[in-house]
2 protein chains.
Amino acid sequence: MKMYKKWLKDTQLKVTPARLNILKTLDQADGFLTADDLFMTLKPKINNLSLSTVYRALDQLEAVKLIESATLENKKEVQYELAHTKHAHHLICLSCGKVIHIHECPVHDFAKSMNNQHHFKVTSHTLDLYGYCEDCQ
Amino acid sequence: MKMYKKWLKDTQLKVTPARLNILKTLDQADGFLTADDLFMTLKPKINNLSLSTVYRALDQLEAVKLIESATLENKKEVQYELAHTKHAHHLICLSCGKVIHIHECPVHDFAKSMNNQHHFKVTSHTLDLYGYCEDCQ
DNA sequence: CTCAATGCAAATCCTTTGCATACCT
DNA sequence: AGGTATGCAAAGGATTTGCATTGAG
């Protein structure tokens, strides 16, 4: 599993335990994780890990676009996920918090029409659907 | 302008200067406002107004569904707007921060299809488009 | 008069920073 | 050595809370 190492090298970021493990953990998680989630998960694995290292690593990984951050409604903490899973939209369960990534998107034509109607040049968008997953209904 | 007073009475909330003026200010604003925006605007008008009063009033107004809160990408503060302007989506200018409310929505059929494909019961959604407004392009 | 609303200050929560030390090449 | 990364502790910003006082109905 040296894939993560390659990702880092390709961005010219140094390979450090914190960065490596953050990528790995985000890759294996199926939803979003917060800085503190990552800290709790990695603390037992990385000697003396500190929360600020996690925050700094997340900032750097986001800067080189390996990961992306998002803020979900009603959550104050910033959430992180691997970049390539982004550009998906989300089904977010209001009961158990599960996040399902979906890849279809009904927005493209809509964005074009906004461009025409409001002379607004759309460069990106977020679309999150809230509700109840199969298990929680 | 006793409309706001009626709104409050209908919810059984007491009519106080803070609540009244928050509703009025949100009504007249065309975008979102933060707790601090409201505090700054109302401080000169309301004697001794304190920030915590604003926060408490916002919580209560949201609890009775007169207003709604949202968190926008890359903003850490919670944003507020009148409830009836909600269910709109937003064009958010990355340059000047202007927010344009739009009332069309391409999501309804999409939500239905999620229900079928993922057995996920969608109850609400957010859709925000980021880009550049006419003035900032 | 009574209970909810308020002001103020202190407390919290999440995140960021400063600085001295440890690590990598 | 030279620069980045890290840990720790302290600083910050947004929001919340405790408590005594004020105010609305």
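Just the heavy atoms: all of them, side chains too, but no hydrogens, waters or symmetry mates, feed the values below. Reminder, nothing fancy here: chain letters follow the sequence lines and each chain counts from 1.
- A straight line from CG of A:N48 to C1' of D:dC8 spans 10 Å, rounded to a whole angstrom.
- For B:H118 and A:H101, the distance between ring centers is not under 6.0 angstrom.
- Comparing atom distances between the A:K76 side chain and each of C:dA5, C:dA9, C:dC14 picks out C:dC14 as nearest.
- Taking atom NZ of residue A:K5 and atom C1' of nucleotide C:dC24, one finds them 13 Å apart after rounding to whole Å.
- Sparse packing is recorded around CD of A:Q12, with 12 or fewer heavy atoms of other residues, nucleotides or ligands lying under 6.0 Å away.
- Residues B:H89 and B:H125 bring a donor and an acceptor atom of their side chains to less than 3.5 Å of each other.
- Closest contact between the side chain of A:Y55 and the listed nucleotides D:dA9, C:dC14, D:dG25 involves C:dC14.
- Contact annotation for B:A57: no contact, since no heavy-atom pair falls under 4.0 Å across all strands.
- Between B:D59 atom CG and C:dA5 atom P there is a gap of 12 Å when expressed in whole angstrom units.
- In this entry the distance linking CE of B:M40 with C1' of D:dA14 reads 13 Å, nearest Å.
- Ring-centre distance between A:F32 and A:H90: below the 6.0 Å cut-off.
- Taking atom CD of residue B:Q12 and atom P of nucleotide C:dC3, one finds them 17 Å apart after rounding to whole Å.
- For A:T16 and C:dC23, a side-chain-to-base donor-acceptor distance below 3.5 Å is absent, hydrogens and geometry of angles not being considered.
- Nearer to the 5' terminus of DNA chain C, by closest-nucleotide assignment, is the contact made by B:V54 (compared with the other of A:T34 and B:V54).
- Nearest nucleotide to the B:A35 side chain, out of D:dT17, D:dC8, D:dT15: D:dT15.
- Of the N and O atoms on the side chains of B:S113 and B:N116, not one donor lies less than 3.5 Å from an acceptor on the other residue.
- Distances shown here put every side-chain N or O of B:R56 at or beyond 4.0 Å from the OP1 or OP2 atom of C:dT6.
- Distance, A:E77 CD to C:dT12 P: 18 Å, rounded to whole Å.
- Checking the phosphate oxygens (OP1, OP2) of D:dG7, a side-chain nitrogen or oxygen of A:S50 falls inside 4.0 Å.
- Listed nucleotides C:dG7, C:dA4, D:dT6 differ in distance to B:K14; the shortest reach to its side chain belongs to C:dA4.
- A straight line from CD of B:Q60 to C1' of D:dT17 spans 14 Å, rounded to a whole angstrom.
- Between A:T53 and the phosphate of D:dA5, there is no side-chain N or O to OP1/OP2 separation shorter than 4.0 Å.
- Ranking C:dA9, D:dG7, D:dT15 by closeness to the B:L51 side chain, first place goes to D:dT15.
- When rounded to the nearest whole Å, the span between CZ of A:R19 and C1' of D:dT6 equals 10 Å.
- Side-chain proximity of A:S52 to D:dA5, C:dA5, D:dA9: nearest is D:dA9.
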